[in-house]
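These numbers were taken from a predicted model, which means no experiment stands behind them.
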Amino acid sequence: MLSFFRRKTSEDLSASTPSSSSASTPKKEVFPSPTLSQLGYRSADDLRETIYDFLRTIRDPEKPNTLEDLKVVYEEGIFVQEPTEGNVYVVRIEFNPTVPHCSLATLIGLCIRIKVQRNINHNLKLDIYIKKGAHSTEDEINKQINDKERIAAAMENPNLRQLVESCIKEED
């Protein structure tokens, strides 16, 4: 078997310095992500409208209404920001619980995150927040619904997973 790697000798190791080794270290090549038009969107507004179409059908955990019916989610609360250096689009979703002490605001945020992740098949960074001043514990809830480990742990709970699934399922 041929090897394309050359084994370093002790002479090579002693001759290398931190500056010379970093100069010879190959840089990780960053490939640009597809543009919005390559992903099938006409513009950032088109992506925003697509995301809103998914969110508007989420059912409220306590009421027979959708989040759109209750004005918890709204199209003006979705912001598509410029892509990061790695060309990942950042989408900020703001929602407004119906009351300032809503006990299910964290669950609603979780439903929003899961619904978008399942329906948008390309790389997005999602930031989900409660509208400023709309909830008594908004900072704590914002931290929870934007923490990957907490999201993963929540979705491992069978009862919580079933509740999320019932809220985000599409009506026939």
Side-chain angles (χ1 to χ4, degrees), residues 30 32-36 39-172:
V30 177
S33 293
T35 63
L36 284 176
L39 294 170
Y41 303 104
R42 293 182 303 271
S43 64
D45 285 340
D46 191 26
L47 174 58
R48 181 171 53 90
E49 290 167 6
T50 300
I51 291 172
Y52 180 68
D53 284 342
F54 293 124
L55 298 182
R56 61 193 294 246
T57 63
I58 298 173
R59 293 235 160 278
D60 184 84
E62 294 180 313
K63 299 179 175 107
N65 306 71
T66 65
L67 296 184
E68 179 188 41
D69 295 339
L70 299 170
K71 306 215 181 326
V72 172
V73 295
Y74 38 93
E75 198 168 346
E76 302 79 32
I78 302 170
F79 307 93
V80 178
Q81 300 171 352
E82 290 299 314
T84 63
E85 280 186 29
N87 251 354
V88 175
Y89 284 88
V90 178
V91 175
R92 179 185 169 103
I93 299 172
E94 172 186 276
F95 69 101
N96 187 11
T98 54
V99 292
H101 55 276
C102 177
S103 61
L104 296 174
T106 306
L107 176 62
I108 291 169
L110 180 62
C111 290
I112 290 170
R113 177 170 297 282
I114 299 302
K115 184 81 172 196
V116 172
Q117 287 176 340
R118 287 191 184 168
N119 289 285
I120 301 293
N121 297 321
H122 48 81
N123 200 10
L124 288 180
K125 180 183 182 314
L126 284 176
D127 292 330
I128 300 173
Y129 294 94
I130 292 178
K131 184 176 183 176
K132 194 78 176 146
H135 198 278
S136 55
T137 61
E138 70 187 61
D139 291 334
E140 296 161 25
I141 293 172
N142 289 340
K143 188 175 181 177
Q144 282 184 316
I145 59 178
N146 288 295
D147 183 311
K148 289 179 185 179
E149 287 80 24
R150 290 182 185 189
I151 297 293
M155 291 306 288
E156 287 178 6
N157 178 320
N159 295 328
L160 194 51
R161 176 182 278 281
Q162 183 179 3
L163 191 53
V164 168
E165 296 295 343
S166 69
C167 290
I168 68 172
K169 78 176 181 182
E170 295 292 325
E171 295 296 319
D172 296 328

With sequence neighbours excluded, what pairs up with Pro61 under the side-chain contact (heavy atoms from CB on, under 4.5 Å) test?
Leu104, Leu107, Ile108, Cys167

Which value, rounded to the nearest 0.5 Å, describes the distance between Phe54 atom CZ and Ile114 atom CD1?
14.5 Å

Kindly determine whether Ile93 and Val73 satisfy side-chain contact (heavy atoms from CB on, under 4.5 Å), including the steps that lead there.
CA-CA 9 Å; Ile93 299 172; Val73 295; 5.5 Å; no

Side chain to side chain donor-acceptor pair (under 3.5 Å): pairs with one or both residues in residues 159-168, sequence neighbours excluded
Arg118-Glu165

Which residues pass the side chain to side chain donor-acceptor pair (under 3.5 Å) test with Thr137, sequence neighbours left out?
His135

Listing, residues 148-156 side-chain donor-acceptor contacts under 3.5 Å, not counting sequence neighbours, or none:
none

Give me the atom names and distance for the closest heavy-atom approach of Leu55 to Val116.
CD2-CG2, 3.6 Å

With no hydrogens and no angle check, just 3.5 Å: does a side-chain donor-acceptor pair link Thr66 and Asp69?
yes

Over all atoms of both residues, closest heavy-atom pair of Ile112 and Ile58
CA-CD1, 3.9 Å

Using side chain to side chain donor-acceptor pair (under 3.5 Å) as the criterion, list what pairs up with Arg113, not counting sequence neighbours.
Asn146

Of the non-hydrogen atoms in Pro83 and Tyr89, which two are nearest, and what is the gap between them?
CD-CE2, 3.7 Å

Can you list every pair that meets side chain to side chain donor-acceptor pair (under 3.5 Å) and has a residue in residues 90-109, with sequence neighbours left out?
Tyr74-Glu94, Thr106-Gln144

Can you name the residues that form a side chain to side chain donor-acceptor pair (under 3.5 Å) with Asp139, not counting sequence neighbours?
none

Could you name each residue pair satisfying salt bridge (Lys or Arg N to Asp or Glu O under 4.0 Å) that touches residues 73-84, not counting sequence neighbours?
Arg48-Glu75

Distance check, rounded to the nearest 0.5 Å: Arg59 atom CZ versus Lys169 atom NZ?
9.0 Å

Can you tell me which residue pairs pass the salt bridge (Lys or Arg N to Asp or Glu O under 4.0 Å) test with a partner in residues 120-129, sequence neighbours excluded?
Lys125-Asp127

Min side-chain heavy-atom separation Val91-Leu126 under 4.5 Å:
yes

Rounded to the nearest 0.5 Å, what separation is found between the SG atom of Cys111 and the CZ atom of Phe95?
9.5 Å

Counting only heavy atoms from other residues, nucleotides and ligands, does the tally under 6.0 Å from CD of Glu140 exceed 12?
no

Donor-acceptor contact below 3.5 Å, side chain Asp147 vs main chain Lys143
no

Going by ring pair (Phe, Tyr, Trp, His ring centres under 6.0 Å), name the pairs with one or both residues in residues 103-123, residues two or more places apart or in two chains.
Tyr41-His122

Could you tell me which residues satisfy side chain to side chain donor-acceptor pair (under 3.5 Å) with Arg56, sequence neighbours excluded, listed by chain and number?
Glu68

Nearest 0.5 Å please: distance from the CG atom of Asn119 over to the OG1 atom of Thr50.
10.5 Å

Between atom CD1 of Ile130 and atom CD1 of Ile141, what is the distance when rounded to the nearest 0.5 Å?
4.0 Å

